[in-house]
Amino acid sequence: MKTRYPGHGVAALWTAATLVAAAALMPAVYLVVRASGADSEALASFQRMRTLELTGLSAGLAVLVALSALAIGLPLAWLTTRSDLPGRRVWTAVLAAPLAIPSYVGAYTAIGAFGAGGLLPPVLPVRGFVAAWWVLTLLTYPYVLLPVRAALLRSPPAVEETARSLGLSPFQALIRVVLPQVRPAAASGALLVALYVLSDFGAVALLDCDTFTAAIFSRFENADLMGGALYALVLVAVCLLLVAFEQRVRGSHSLYVRRAARRPTTQPLGRWKIPTTLACGAFASLAVGVPLAVLGVWASRGDFSSDALAATGALSWDSVKVSSLAALATAVAALPIAYVAARRPGWAATLLDRAAHVGFALPGLVIALSLVSLSVGVRWLYQSLPLLIVAYLVHFLPQSLGSTRSGLLQVDPQLGEAARSLGRTPLGAFRSVTLPLIAPAIVAGALLVFLTTMKELPTTLLLHPTGLDTLAIRMWSYIEEGFFAEAALPAVALVVFAGLPTLALLLTRRAGRKTLA
Amino acid sequence: MSDALSVEDLWLRYDAEFVLRGVTLAVAAGGCAAVLGPSGCGKTSLLRAVAGLARVQEGRIAISGTVTDDPAPRVKPEDRGAALVFQDLALWPHMTVAGNLDFVLEARKIPRKEREDRVEAACEAVGLPRGLLERRPGLLSGGERQRAALARALVQEPRVLLLDEPLSGLDTHLRQHLIDTLSRVRAELGLAMLIVTHDHEEAFALADHVVVLRDGQVEQAGTPTEVYETPSTRFVAEFVGLAGWTGVERREGMLATPLGEWPATGRPDGPLEAVFRPERLRLEETSAHRGRVAATWYRGGYYVHLVEVGPRDAGRPARVYVRSDEAAAVGADVGLSAEEPAFVSVSSVSVRKGAEGRS
């Protein structure tokens, strides 16, 4: 259905999309080029390092956390959509709260609660592999819960009801009809969790769990860029392996279903109602209550002088400023690729779309590392604000892209064609018809980028311009120096500023739910 | 005076498959043509090509004498004056009805006074109450939405109006209303229209020229009466109305059917089939042509009987209109008297010209 008139518009669109995709590919290309230049000495030292052991630890942690996030997220999704659990909407909002907690803040509160001299008895470990496992699980299960919930809400009740009317029990219907429908959502949620764990730097460092990211960071600190690049390549390979695995599990067939017209029927919990509610309550206290309580207590012990408050205010302003710039830049950059992917499908669009997603599989640390190496000789670029924004853009482009593209896919192309057939130019039709209709999706994507930029630590640590001091940077340096109480105020500010967009995304029904899904 | 729209030997392909295979048709100035065909026959693609939204591989399109495609596009969609009303209307949901109507006029920098007059006139023409102008499309009923989409197209003062299944999804009452509206608009504005539909009643009610499309080729074109009464193939016969058909044997200059014999002179050569329209059949107890009532249904005022005549594998039961007081029971043996049927060449084996060469 393509109509192409010779014109500058189409060429400009493809050029913009190609430029953005090329920028997204930059870190990956750098890594390959750098590593391919490795001499035998570098390779030998690479072999001496604990590469295999670290790979096993990192991958094992990622898989374990993904599995436990599924074990928690799936039942919670079912309980909050299909059962008669009291207060389901409130549970959803409360249980999504960890989305607003950066991993290093989560680790910090875990140590504050269960560590030596903590607020609670030391019933849970706060050092090593097991500590990283439970802390990361409690931080990441919402990445499974929310998309699966959305899939359950989208799946038409008639599908389940047909199964019941054909003789399946409620449990059989759940296993054989409902679960297969949420499989793609669960698989992509679990993938997000695994990638989160692989690329996490803050939490594993605080919890003394040796992983790849720690090794890369220490190579970097020792100015061993070659070793860092080799390590980073291994990490990227593990990430790509996971992405490929997820695509297999998800299945290639599309499970397109129209929005459910009716609310699904709820399954009464019966005598399990009270125990289930109590279990949810206990879980929420651990996942949400404990971190917030620790933050509250530490913050109340902290310094409340006007100086300290003013300093936190200044940090917040820098954080919000940088995150807003990143969100804006990413939203604009995502638009041309989202447009060609949604409206001009073909091998070229697929290629650009895939390229744009590469940054998603790269840990923030790796992206930052390659941009540092690329810019280290260029004085005006190294540690400049534009370079930091580009790093965020490369890393978070897929978030904005996904939201904008699904917004475009929901807008019937006929709306634009109608404008053309009635006498509007292509650009006029896009500006006045398509753009206003996809604005909510663009905003939702931008909010998501804002939220993740706010939380992002390694990229910010490595690339921030001197003088720019964000909440994340300050908090990290306080913790590294052992000033736990001082770290509380920035941490609270961070959770608040990350929490507001999370809440906005959860509450804006149409665009938001899809974006977080 | 040139035709409002002329389409010559149009070929259009999506991926490897041709959906239009040499379609030719014309809409006279002030005329209305209907393209009639089953879903997937290419009728919507034809509209999109005329509107400039789909690119054709071969052929020529001219609107009011201006060549728009030959086959490379020469005129952009926005400059064709071919206003397309989509099947699901494509009203812009984020604008009020007034905004929808005014949108393109405003972009063309037409003076406010003239814009208001044109919106007023368009609402008047389609019977859209002024009170609805400030509403969003989501708050309109199905019939109101249809009128709004029509008004939005008319306000551009197009050279030709393209309507994709304009009456589908409306109840009987609304359909009748809209048929009246469209006929009046056509008469008053002298506006040429091209309608695509799968419903022969819709086509007959609105158009003075009917083009039956099948697998991207024109199967027959003509006035509604011609297409209905002298179908060129069994496909056309069955697609444009109730019909039963039987095999035909040639016997000494006569064409013999289970319902009677007719002279063979002036008929096409080769194997033929006889198509019987219900209004040309009636029950007659004394008739020698017998059949069995296989099914019957009430149509309001009269019954339709399905009467099996002749061998089952060479035909489809005759449809007969029967007055309520003369209706027979299912299984009854009845006599039939028939007026002369339409004789059509056996179409299932007809070679579809050129189809193999180019797809």
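In what follows, every chain begins at residue 1, and chains take the letters A, B, ... in the order their sequences are listed.
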A.B. asks: With distance as the sole test, does B:His94 use its side chain to make a donor-acceptor pair with the main-chain N or O of A:Thr434 at under 3.5 Å?
C.D. replies: no
A.B. asks: Check each atom of A:Ala429 against the heavy atoms of chain B and say whether the ones under 4.5 Å are side chain, backbone, both or neither.
C.D. replies: neither
A.B. asks: Determine, for B:Glu78 against A:Arg420, whether the closest basic-nitrogen to carboxylate-oxygen distance falls under 4.0 angstrom.
C.D. replies: yes
A.B. asks: Mark yes when over 12 heavy atoms from residues, nucleotides or ligands other than B:Arg184 sit less than 6.0 Å from its CZ; otherwise mark no.
C.D. replies: yes
A.B. asks: Can you tell me if CD on B:Glu124 sees more than 12 non-hydrogen neighbours from other groups inside 6.0 Å?
C.D. replies: no
A.B. asks: Is a donor on one side and an acceptor on the other found under 3.5 Å between the side chain of A:Ser421 and the backbone of B:Leu84?
C.D. replies: yes
A.B. asks: Identify the heavy atoms of A:Leu422 and B:Ala83 that sit nearest to each other, and give their distance.
C.D. replies: CD2-CB, 3.6 Å
A.B. asks: Test B:Asp88 against A:Gln414 for side-chain contact (heavy atoms from CB on, under 4.5 Å), laying out the working first.
C.D. replies: CA-CA 9 Å; B:Asp88 33 15; A:Gln414 287 187 354; 2.8 Å; yes
A.B. asks: Are A:Glu417 and B:Arg48 close enough that some pair of their side-chain heavy atoms sits under 4.5 Å apart?
C.D. replies: yes
A.B. asks: Could you look at B:Leu91 and say if it's the side chain, the backbone, both or neither that has a heavy atom under 4.5 Å from chain A?
C.D. replies: backbone
A.B. asks: Chain B: which of A:Gly416, A:Gly428, A:Pro436 shares the most heavy-atom pairs with it under 4.5 Å?
C.D. replies: A:Pro436
A.B. asks: Hey, what do you get for CZ (B:Phe86) to CG (A:Leu415), rounding to the nearest 0.5 Å?
C.D. replies: 8.5 Å
A.B. asks: Under a 4.5 Å heavy-atom cut-off, does chain A meet the side chain of B:Ala82, its backbone, both or neither?
C.D. replies: backbone
